[in-house]
Amino acid sequence: MYTQRSETKTVQHYLLGIFRDESDALRVVKRLRKNHIMIHEVYSPYPIHGLDQLLGYKKSRLPMAAFFFGLLGFFLALVMQYYMLGIDWPMNIGGKDFTPLPTFIPVTFELTVLFAALGMVGIFFLISHLYPFKKPLLFDEGITDDKIVVVINLYENKQPKILLTKMLTSFYDRT
Amino acid sequence: MQHPPSPLRKPLITGKKKMKNVTHDICKHVLQYPHLLWWVALGFALILLLIGGVALLITLWEGIGMWGLNKTIGWAWDITNFVWWVGIGHAGTLISAVLLLFRQKWRMSINRAAEAMTIFAVMCAAIFPLFHMGRVWLGAYWVFPLPNLFGSLWVNFNSPLLWDVFAISTYFTVSLVFWYLGLIPDFATIRDKATKTWVKYIYGVLSFGWDGAARTWARYESVSLILAGLATPLVLSVHTIVSFDFATSVIPGWHTTIFPPYFVAGAIFSGFAMVLTLLIITRKLFKLTHYITLQHIEMMNIIIIVTGSIVGIAYLTELFMAWYSGVEAEQYAFFNRATGPYWWAYWLMMTCNVVSPQLFWFKKIRKSLMATFILSIVVNIGMWFERFVIIVTSLHRDYLPSSWAMFSPTKYDVGVYIFTFGLFFTLFLLFVKFFPVINMAEVKSILKTDSDVHPTQRN
């Protein structure tokens with residue numbers, strides 16, 4: 001038997017499928033992808049796991065950014081300490097080595113973590129276009145509350161709207 | 001990355017909440033006029049801040065000679081309070097980072113408040129090293145590697161005190177970023193729920209224009225995971241480096257290799273105790289009993305038993321190592337702790353930190369709110385005395401008997417400590433009112449839908 005568990009809405013040239021259950025949305029996304037329908041984007045109040053793979057998004061390279069920023073922090077910290085205590089003003093502390101590597105490790109570690117974290121988060125804000133005073137483009141007010149919204153750009157797809165609407169709203173239930 | 005919740009597991013969020021209920025329950029506290037009790041609590045916190053503020057100002061005006069330090073005991077209340085607050089500041093990032101790596105989903109309803117507590121505790125801790133320098137406004141020159149007025153003399157990177165500056169400022173920054181990142185989707189929820197224009201505007205600015213797109217969520221998840229991975233060694237490094245302040249010295253009782261793990265365990269122990277103290281009150285006052293359930297409290301109590309027992313073993317190991325080392329000064333330091341003039345502080349520490357958490361082996365105590373609340377305070381009293389015992393009793397018996405001394409705090413010592421309490425509670429109260437106390441987005445991801453509820457919870 002077919003039951004209706006979602007609704008649709010049209011905003012300008014966008015067709016929205018609005019769901020309240022994550023599994024329904026996932027099923028519909030799977031179906032749309034199978035029929036080669038271009039999905040503009042899916043919006044949800046919480047991260048849905050596996051959705052990015054279904055939508056065919058590439059794995060994020062942010063971990064790589066973190067690694068390189070960390071590497072930068074690591075080298076900067078070592079260069080800073082060697083320059084300050086080894087070249088610019090060597091300090092004689094009880095006749096010990098001017099630049100002992102082991103005592104440089106804590107500061108190097110901290111700066112590695114600091115650079116990696118700040119660099120990665122900075123890049124994340126940059127590529128996701130998140131910044132203060134930005135006006136969000138919300139297709140539905142419920143996206144941050146309890147609605148999962150699948151957005152289809154009608155200009156990008158050749159299929160008639162009626163067919164797309166049907167794909168967004170029909171579920172086959174065995175029960 | 002995550003797996004769907006097993007239908008055999010009891011739900012973490014009770015009361016058959018739907019997503020809409022979560023939004024409503026949490027946003028309502030932000031958008032409504034605050035409860036009378038909140039005003040009373042804020043008034044109390046501000047009074048503490050005022051009383052302490054006077055003591056802090058006098059300390060600043062007259063110098064730290066106002067504190068009870070003497071030639072023999074050059075470190076006492078200030079550093080005891082500093083280490084105590086930093087220790088408390090360990091639970092938040094441990095909950096959000098380490099428990100994220102271990103996929104402990106029960107963290108989701110407590111991580112927001114615990115992280116806030118962490119940030120405020122680190123701020124309180126920073127007061128002590130900053131003010132003990134005398135001229136606070138010159139602090140930046142003295143602690144950070146900036147060229148100073150005397151030519152190019154740099155800070156000493158061989159000193160654990162400097163490592164501490166780097167460790168704590170990095171920890172503070174990364175915790176703040178991690179916390180804020182988690183807040184962004186929830187600020188967006190408040191933005192869309194708010195009816196007043198200016199409230200909508202403020203939360204709109206704070207939410208960075210978040211729209212909940214799948215692409216952003218995927219990146220967000222990857223950033224959270226990496227941040228958790230970075231924050232995990234960071235949490236462990238902070239108290240390790242704090243312990244180096246002592247362990248790299250040659251004072252008997254401080255000069256031990258067990259300090260790093262022992263301090264880290266103690267920090268987590270006291271941090272969880274403070275989380276419990278605060279959350280037991282918050283859940284009652286804000287009616288969050290369906291979100292922070294007895295199951296959450298029991299889990300935290302289990303962590304308290306584990307870390308409390310590690311601390312207990314560390315105390316015993318210290319005693320054994322002092323005896324086994326054959327070093328007379330070391331042996332005396334520990335004998336003096338237990339039987340010397342500060343014996344009461346030692347035994348108070350032993351009772352509060354080693355004996356009291358063992359009561360949590362009883363399920364009845366573990367699940368009792370009253371018992372948990374009382375024990376959480378007892379643990380933090382014990383942890384304060386642990387630092388007092390380590391610092392003051394190790395210093396008060398010098399190598400030279402002619403310089404043996406006792407320490408008594410002045411009212412300014414007590415006053416500055418009161419100031420940090422005022423600061424901590426004021427900030428926490430402002431947080432619970434203006435910020436979403438529970439991570440709505442994460443909690444929504446663990447709600448069970450109709451098809452996967454536990455058999456006992458079905459209608």
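Reminder, nothing fancy here: chain letters follow the sequence lines and each chain counts from 1.
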Look at the aromatic rings of B:Tyr201 and A:Phe133 and report parallel, tilted or perpendicular, splitting at 30° and 60°.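 Plane angle between 30° and 60°, so tilted.
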Distance (rounded to the nearest 0.5 Å) between [X] [atom1] and [Y] [atom2]:
X: A:Thr103; Y: B:Phe244; atom1: OG1; atom2: CZ; value: 11.5 Å
X: A:Leu62; Y: B:Tyr220; atom1: CG; atom2: OH; value: 13.5 Å
X: A:Leu111; Y: B:Phe166; atom1: CG; atom2: CZ; value: 5.5 Å
X: B:Phe157; Y: A:Met80; atom1: CZ; atom2: CE; value: 3.5 Å
X: B:Lys444; Y: A:Ile148; atom1: NZ; atom2: CD1; value: 10.5 Å
X: B:Ser445; Y: A:His49; atom1: OG; atom2: NE2; value: 6.0 Å

Between B:Ile241 and A:Glu110, which heavy-atom pair has the shortest distance, and what is it?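 Nearest heavy atoms, B:Ile241 then A:Glu110: CD1-OE2, 3.5 Å.
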Closest non-hydrogen atom pair between B:Trp217 and A:Pro45, with its separation: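 For B:Trp217 and A:Pro45, the tightest heavy-atom pair comes out as CZ2-O, 3.4 Å.
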Other residues, nucleotides, ligands: >12 heavy atoms within 6.0 Å of [X] [atom1]:
X: B:Lys28; atom1: NZ; value: yes
X: A:Tyr155; atom1: OH; value: no
X: A:Tyr57; atom1: OH; value: yes
X: B:Phe172; atom1: CZ; value: yes
X: A:Ile87; atom1: CD1; value: yes
X: A:Met91; atom1: CE; value: yes

Please state whether the side chain, the backbone, both or neither of [X] comes within less than 4.5 Å of a heavy atom of chain B.
X: A:Ala117; result: both
X: A:Glu41; result: side chain
X: A:Asp52; result: side chain
X: A:Tyr83; result: side chain

Tell me, out of B:Ser207, B:Gly204, B:Ala218, B:Pro233, who's got the most heavy-atom pairs with chain A below 4.5 Å.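 The residue among B:Ser207, B:Gly204, B:Ala218, B:Pro233 with the greatest pair count is B:Pro233.
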Largest heavy-atom contact set with chain A, pairs under 4.5 Å, which of B:Asn158, B:Val177, B:Thr216, B:Leu206: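 Top count of heavy-atom pairs under 4.5 Å with chain A: B:Asn158.
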Do [X] and [Y] make a side-chain contact, defined as non-hydrogen atoms from C-beta onward lying under 4.5 Å apart?
X: A:Leu114; Y: B:Thr173; answer: yes
X: A:Pro63; Y: B:Ser222; answer: yes
X: A:Leu138; Y: B:Arg191; answer: yes

Between chain B and each of [options], count heavy-atom pairs under 4.5 Å; write down the option with the most.
options: A:Asp145, A:Leu130, A:Val113; answer: A:Asp145
options: A:Ile93, A:Ile143, A:Leu51, A:Leu137; answer: A:Ile93
options: A:Glu141, A:Lys96, A:Lys59; answer: A:Glu141

Counting distance only, does the side-chain N/O of B:Lys193 pair as donor-acceptor with the main-chain N or O of A:Thr144 below 3.5 Å? no
Side chain / backbone / both / neither for [X] at chain A, heavy atoms under 4.5 Å:
X: B:Val443; result: neither
X: B:Leu227; result: both
X: B:Asn156; result: both
X: B:Ile184; result: side chain

Quick check on the structure: residues of residues 119-128 of chain A within a heavy-atom distance below 4.5 Å of chain B, by number.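 Near chain B, by residue number: A:Met120, A:Val121, A:Phe124, A:Phe125, A:Ile127, A:Ser128.
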Output the residues of residues 208-215 of chain B for which the shortest heavy-atom distance to chain A is under 4.5 Å, in residue-number order; output 'none' if no such residue exists.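 Within residues 208-215 of chain B, the residues that come under 4.5 Å of chain A (heavy atoms only) are B:Phe208, B:Gly209, B:Trp210, B:Asp211, B:Gly212, B:Ala213, B:Ala214, B:Arg215.
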